[in-house]
Amino acid sequence: MTQLAAEASQRTRRVARTRRYLMCPPTHFDVVYSINPWMNPDKPVDGALARLQWDGLLRAFLALGHQVEFIEPLPGYPDMVFAANGATVINGKVLSARFRYEERAAEGPAYLEWFRARGYETREAVHVNEGEGDYLHAGRYLLAGTGFRTDIRSHREAERFFGMPVAGLRLVDPHFYHLDTALAVLDHDQIMYYPGAFSKESQGVLRVLYPDAIIATEADAEVFGLNAVSDGRHVLMPPSATHLMDELRERGYEPIGVELSELLKSGGSAKCCTLELRAGRS
Ligand SMILES: CN(C)C(=N)NCCC[C@H](N)C(=O)O
């Protein structure tokens with residue numbers, strides 16, 4: 001942190017803004033295929049514990065005053081619990097997800113139908129994209145991941161549909177296959193990220209756009225510390241990301257540990273389970 005930023009952060013009282021989230025209960029959650037390096041179908045998943053942990057995340061949102069809506073999980077789609085992948089929602093406009101792998105293909109239309117039934121303005125995506133897994137709204141920019149899941153051609157599609165500038169970022173480490181495994185938006189123009197997950201060029205872009213970002217260590221990233229949900233003040237995240245929690249406290253945020261170890265067996269944590277429904281400007 002620069003000297004100026006450190007002084008400013010001490011003066012800053014972070015302000016939470018009430019959010020609306022969409023979540024999908026982990027009724028059918030399991031690891032029965034492998035589409036990322038965290039998934040091992042030979043390693044058993046405790047479904048009851050996954051449910052308890054997911055309930056803990058839900059309770060934390062409700063205790064903070066956020067609103068939560070639910071989508072019905074589809075049998076046979078064990079990753080549907082990762083609602084963040086279901087779409088991207090900005091100013092009430094919804095870009096549907098189009099999944100990279102067949103194993104998750106039916107989730108895109110299921111989420112799209114949920115939005116259509118509720119009268120949202122929707123666009124059925126032409127190009128592969130995995131929703132907020134790779135699209136993160138940070139102030140003036142839509143940060144857009146590519147490299148493993150989202151097709152780079154989707155970035156132009158999103159830019160046109162949402163009418164906001166897209167900053168494309170290339171992911172290079174398969175452990176951090178979605179942007180939201182390597183970068184979290186804390187508030188408008190403030191982010192935290194793990195540089196090692198990005199190409200050299202994308203690291204340069206991030207340095208220029210966010211000179212006062214919180215820099216995560218590899219250890220923070222490995223426990224999915226960046227897969228965090230912030231309301232501008234409270235940051236829900238894995239409790240094992242202790243260094244990142246200290247950094248957040250120093251900047252005036254309130255980190256809240258939420259244990260989601262069963263979901264991590266599929267390569268997801270708090271942010272993956274949470275799709276923000278942005279109605280107006282955020
Ligand atoms: C940040 N988000 C939304 C995620 N990283 N999503 C988790 C997806 C996990 C799933 N097994 C998959 O590999 O697609």
Side-chain angles (χ1 to χ4, degrees), residues 19 22 82-100 104 107-108 111-112 115 120-174 176-216 226-230 232 271-272 274-282:
R19 313 281 171 138
L22 177 62
F82 299 117
N85 296 141
T88 305
V89 188
I90 300 173
N91 295 338
K93 294 175 75 171
V94 180
L95 177 65
S96 79
R98 182 176 284 273
F99 283 83
R100 166 81 45 198
R104 300 195 66 185
E107 295 179 41
Y111 277 94
L112 179 57
F115 286 104
Y120 282 80
E121 179 185 345
T122 58
R123 174 182 168 89
E124 189 167 0
V126 172
H127 297 293
V128 166
N129 83 84
E130 298 202 350
E132 281 207 345
D134 275 322
Y135 283 122
L136 294 173
H137 185 203
R140 283 162 298 150
Y141 294 100
L142 182 57
L143 302 181
T146 190
F148 296 101
R149 299 291 178 90
T150 294
D151 189 315
I152 198 158
R153 290 172 295 181
S154 169
H155 293 182
R156 184 83 185 110
E157 185 177 11
E159 188 164 67
R160 284 204 176 132
F161 179 61
F162 292 119
M164 66 189 310
V166 161
L169 299 168
R170 181 162 293 277
L171 296 159
V172 293
D173 179 337
F176 307 110
Y177 56 93
H178 276 145
L179 181 60
D180 71 355
T181 63
L183 185 152
V185 177
L186 297 166
D187 198 14
H188 299 290
D189 280 342
Q190 177 127 53
I191 65 166
M192 55 182 183
Y193 68 98
Y194 168 53
F198 296 92
S199 68
K200 288 282 173 247
E201 196 185 35
S202 296
Q203 289 178 28
V205 170
L206 287 168
R207 273 198 302 272
V208 170
L209 293 183
Y210 304 99
D212 286 319
I214 294 177
I215 301 299
L226 292 157
N227 200 242
V229 184
S230 171
K271 174 67 191 93
C272 297
T274 313
L275 176 60
E276 185 165 351
L277 304 172
R278 296 185 187 82
R281 290 185 63 81
S282 62

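- Arg160 is linked by a side chain to side chain donor-acceptor pair (under 3.5 Å) to nothing, counting only residues two or more places apart in sequence or in another chain.
- Counting only heavy atoms from C-beta outward, the side chains of Phe82 and Arg104 approach each other to under 4.5 Å.
- Remark: Lys93 is not positioned above the aromatic ring of Tyr120, lacking an NZ or CZ atom under 6.0 angstrom from the ring centre and at most 45 degrees off the axis.
- Side-chain contact between Phe115 and Leu22 is present, with heavy atoms from C-beta onward closer than 4.5 Å.
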side-chain contact (heavy atoms from CB on, under 4.5 Å) evaluation trace for Glu130 with Arg100: CA-CA 8 Å; Glu130 298 202 350; Arg100 166 81 45 198; 3.3 Å; yes

Identify every side-chain donor-acceptor pair in residues 197-204 under 3.5 Å, counting partners at least two apart or on other chains, and give the distances.
from, atom 1, to, atom 2, distance (Å)
Ser199, OG, Ser202, N, 3.2
Ser199, OG, Ser202, OG, 3.1
Ser202, OG, Arg170, N, 2.8
Gln203, NE2, Pro195, O, 3.0
Gln203, NE2, Phe198, O, 3.0

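- Ile191 pairs with exactly one of Leu136, Leu209, Leu206, Ile214 by the side chain to side chain contact (heavy atoms under 4.5 Å, CB included) rule, that one being Leu206.
- You'll find the side chain of Asn85 reaches within 4.5 Å of the side chain of Phe99, heavy atoms only.
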Working for side-chain contact (heavy atoms from CB on, under 4.5 Å), residues Thr88 and Val94: CA-CA 6 Å; Thr88 305; Val94 180; over 6 Å; no

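- Annotation for Ala216 and Tyr194: closest pair O-CD1, 3.6 Å, computed over non-hydrogen atoms.
- Atom CG of Leu112 sits about 13.5 Å away from atom CD of Glu107, to the nearest 0.5 Å.
- The shortest heavy-atom contact between Tyr111 and Gly86 is CB-O, 3.4 Å.
- Nearest heavy-atom pair across Gly232 and Arg19 is N-NH2, 3.7 Å.
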Chi angles and distances behind the side-chain contact (heavy atoms from CB on, under 4.5 Å) call for Val205, Leu169: CA-CA 8 Å; Val205 170; Leu169 299 168; 4.1 Å; yes

Residues Leu183, Leu226; criterion side-chain contact (heavy atoms from CB on, under 4.5 Å); working and verdict: CA-CA 6 Å; Leu183 185 152; Leu226 292 157; 6.0 Å; no

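- For the pair Asn91 and Arg278, the minimum side-chain heavy-atom distance is 4.5 Å or more.
- Closest approach of Ala125 and Ser96 over heavy atoms only: N-OG, 2.8 Å.
- In terms of heavy atoms, Leu275 sits closest to Ala83 at CB-O, 3.5 Å.
- Side-chain contact between Leu142 and Glu159 is absent, with no heavy-atom pair separated by less than 4.5 Å.
- Checking each of Asn129, Leu179, Leu171 against Thr150 for a side chain to side chain contact (heavy atoms under 4.5 Å, CB included) leaves exactly one that passes, namely Asn129.
- Just one of Glu276, His178, Glu132 meets the side chain to side chain donor-acceptor pair (under 3.5 Å) condition when paired with Lys271; it is Glu132.
- One finds the OG1 atom of Thr181 at 9.0 Å from the CZ atom of Phe148 (value rounded to the nearest 0.5 Å).
- Counting heavy atoms from C-beta on, the side chains of Gln190 and Tyr210 never come closer than 4.5 Å.
- Here CG of Leu186 is found 5.0 Å from OG of Ser230. Values are rounded to the nearest 0.5 Å.
- Under the side chain to side chain donor-acceptor pair (under 3.5 Å) criterion, Asp187 pairs with no residue, sequence neighbours left out.
- Closest of all the heavy-atom pairs between Gly196 and Asp173 is O-CB, 4.5 Å.
- Of the inter-residue distances, the one linking Ser154 atom OG with Leu95 atom CG reads 6.0 Å to the nearest 0.5 angstrom.
- Proximity of Arg140 to Asp189: side-chain heavy atoms (C-beta onward) are separated by under 4.5 Å at one or more points.
- The backbone N or O of Gly145 sits less than 3.5 Å from a side-chain atom of His155, completing a donor-acceptor pair.
- The side-chain heavy atoms of Arg123 and Glu157, taken from C-beta on, include a pair separated by under 4.5 Å.
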